[in-house]
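Order of the sequence lines fixes the chain letters, A, B, ..., with proteins taken first and strands second; residue numbering starts at 1 for each chain.
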Protein chains: 2
Amino acid sequence: MPYRRTENVVRHLAEREEAILAAATTIAAEGGMGAVQIVAVAARAGIAAGTLYRYFPSKSDLIAELVTAVAGRELSAMAAAGDAAPGPLSALAACIATFSARALAERRLAWAVLGEPVDAQVDAMRLDFRQSLAAELEARIKTAIEGRHLPDLDAGVAAPAIVGALMEGLLGPLAASPSDDAGARAAVQTATLLALRALGVVDARARGLVAQCVLP
Amino acid sequence: MPYRRTENVVRHLAEREEAILAAATTIAAEGGMGAVQIVAVAARAGIAAGTLYRYFPSKSDLIAELVTAVAGRELSAMAAAGDAAPGPLSALAACIATFSARALAERRLAWAVLGEPVDAQVDAMRLDFRQSLAAELEARIKTAIEGRHLPDLDAGVAAPAIVGALMEGLLGPLAASPSDDAGARAAVQTATLLALRALGVVDARARGLVAQCVLP
DNA sequence: TTGCAGCGTGAATCATCGTTCACTCGTTCG
DNA sequence: CGAACGAGTGAACGATGATTCACGCTGCAA
């Protein structure tokens, strides 16, 4: 029974899978989803195209893991920021600001994973991410409504709308890319302010809700 | 000098070009941009693939004309609705509500032309459309700010954000599709309300701003 | 040291589509 | 009524990119 899974072998395999995923992520962050091609990823990871298929059964699976990883990281950060906030409204504000700030910090990657045009097969996975983002917001919006912190409104429309607004207002090709850190911060604050006001918070800025955010 | 452009010939050519464009639009409205393929469009128009190239130099040009046609129609409707309104705020409300209502009425086509993932070459044209939408809104937002109808805010972020919010909140795959006319109207009103509040209008509903819209 | 499991390889293959082109045939003009 | 023009055709081509596979090589096991 030769070639048992030694420590060494296992580690090597895991490292290589990690390297492939990292290569794919880097390429996505540099050139968008369109640039994530098997040969390119393999080359970046220092292996041949065929080798990649020893680790991922198909390109779709590779992309799925990539999206899942990024989404998981972002969703946790967002949830953590929300949970750390003192009340429903500041939780919402923290979620929105955190998501915005982190997305803006890795703008290209965020856009690749969230909104950039790709083929349909790949798109299905990103849908989950947007769905989860919207779900997280929707839950917090509903909580705030129940606690009378927000006026009654259709959270099912509002949550996706906020996701879309942040995507298009901060990440998409229409958005002006902030040149420096201060500009980015200002954009995040503007976006947060817009989102909170949309939900019916009239004096978000005065309450100091827009300043919160957790950076990567 | 044979084969001069007779009335008949000219009309025939124009009709055929129109038919091709109509076929492409229908296919886009049914199956999204991905389904707009040369052979499929040609078949739907009742001609051969090669014939299509007598009318459009490339697929990109075909898509460009398709997007331009739809965009022009929608932008005019939006501008008209805005111009007919009595003041800057109701103009904004009318623009947003009109766009939303018309987009929702042809949801699949609107999404295909505005947001649906496709390849990069095609995407450039849709960018113009989103750009124009944002520009129209931005101008009206600035007017309203100058007239002190809105608080000071960064219109360059707000306008794309609203476009994104409407796209994602009403058209995108996350949005629940309204089953009936009343549901659609409610969704449009919710979206309009959110957008106006985001801009700083605190009592949009009370002022009756959200009821306006011009249907197709 | 030797045998062999299984990783690594990368050229070949397959699939998808946009685009072309040599040819047919209906229409127009003299 | 022909001759010529040019619309129409659709199979073939080309480009791109994912996926496969037969073979070489590495490094565990005995």
Note to self: Under 4.0 Å, counting only non-hydrogen atoms across every strand here, what does B/Y55 touch: a base, just sugar-phosphate, or nothing?
What the structure shows: sugar-phosphate

Next item on the list: Specify the separation, in whole Å, of atom CG of A/L13 and atom P of D/dT26.
Entry: 17 Å

Notebook entry, point to check: Of B/S58 and B/R54, whose nearest nucleotide on DNA chain C comes first from the 5' end?
Noted result: B/S58

Note to self: Does B/R102 form a side chain to side chain contact (heavy atoms under 4.5 Å, CB included) with B/R73? I'd like the steps, not just the answer.
What the structure shows: CA-CA 10 Å; B/R102 291 173 58 94; B/R73 215 169 57 208; 4.1 Å; yes

Next item on the list: Grab the CG-P distance between A/L62 and D/dG17 for me, whole Å please.
Entry: 16 Å

Margin query: For a side chain to side chain contact (heavy atoms under 4.5 Å, CB included) check, start with the C-alpha distance between B/I47 and B/I20, then their side-chain angles and the critical distance, and finish with the verdict.
Written below: CA-CA 9 Å; B/I47 60 176; B/I20 294 172; 3.8 Å; yes

Next item on the list: Quickly work out the B/K59 NZ to C/dT19 P distance and round it to whole Å.
Entry: 8 Å

Notebook entry, point to check: 5'-most contact on DNA chain D: A/Q37 or A/G50, nearest heavy atom basis?
Noted result: A/Q37

Margin query: If I take atom NE2 in residue B/H12 and atom C1' in nucleotide D/dG6, what distance separates them, rounded to the nearest angstrom?
Written below: 13 Å

Note to self: Does D/dG8 have its OP1 or OP2 closer than 4.0 Å to a side-chain nitrogen or oxygen of B/R16?
What the structure shows: yes

Next item on the list: Check the distance between D/dA7's P and B/E17's CD and give it to me in whole angstrom.
Entry: 13 Å

Margin query: Expressed as a whole number of angstroms, how long is the span from A/L52:CG to D/dG17:P?
Written below: 16 Å

Margin query: How about CD on B/E106, more than 12 heavy atoms from neighbouring residues, nucleotides or ligands closer than 6.0 Å, or not?
Written below: no

Item checked: Whole angstrom value for the distance that separates C1' of D/dG8 from CD1 of B/I20 -> 11 Å

Next item on the list: Supply the atom-to-atom distance B/L174 CG to B/M167 CE, rounded to the nearest 0.5 angstrom.
Entry: 11.5 Å

Next item on the list: Can you tell me the distance, in whole Å, between the CG atom of B/D61 and the C1' atom of C/dT19?
Entry: 13 Å

Next item on the list: Taking only the side-chain nitrogens and oxygens of A/T51, find out if one of them lies under 4.0 Å from OP1 or OP2 of C/dC7.
Entry: no

Notebook entry, point to check: With a cut-off of 6.0 Å (strictly less than), are more than 12 heavy atoms of other residues, nucleotides or ligands near CD of B/E17?
Noted result: yes

Next item on the list: On DNA chain C, check which nucleotide each of A/A49 and B/Y53 is closest to and give me the residue with the more 5' one.
Entry: A/A49

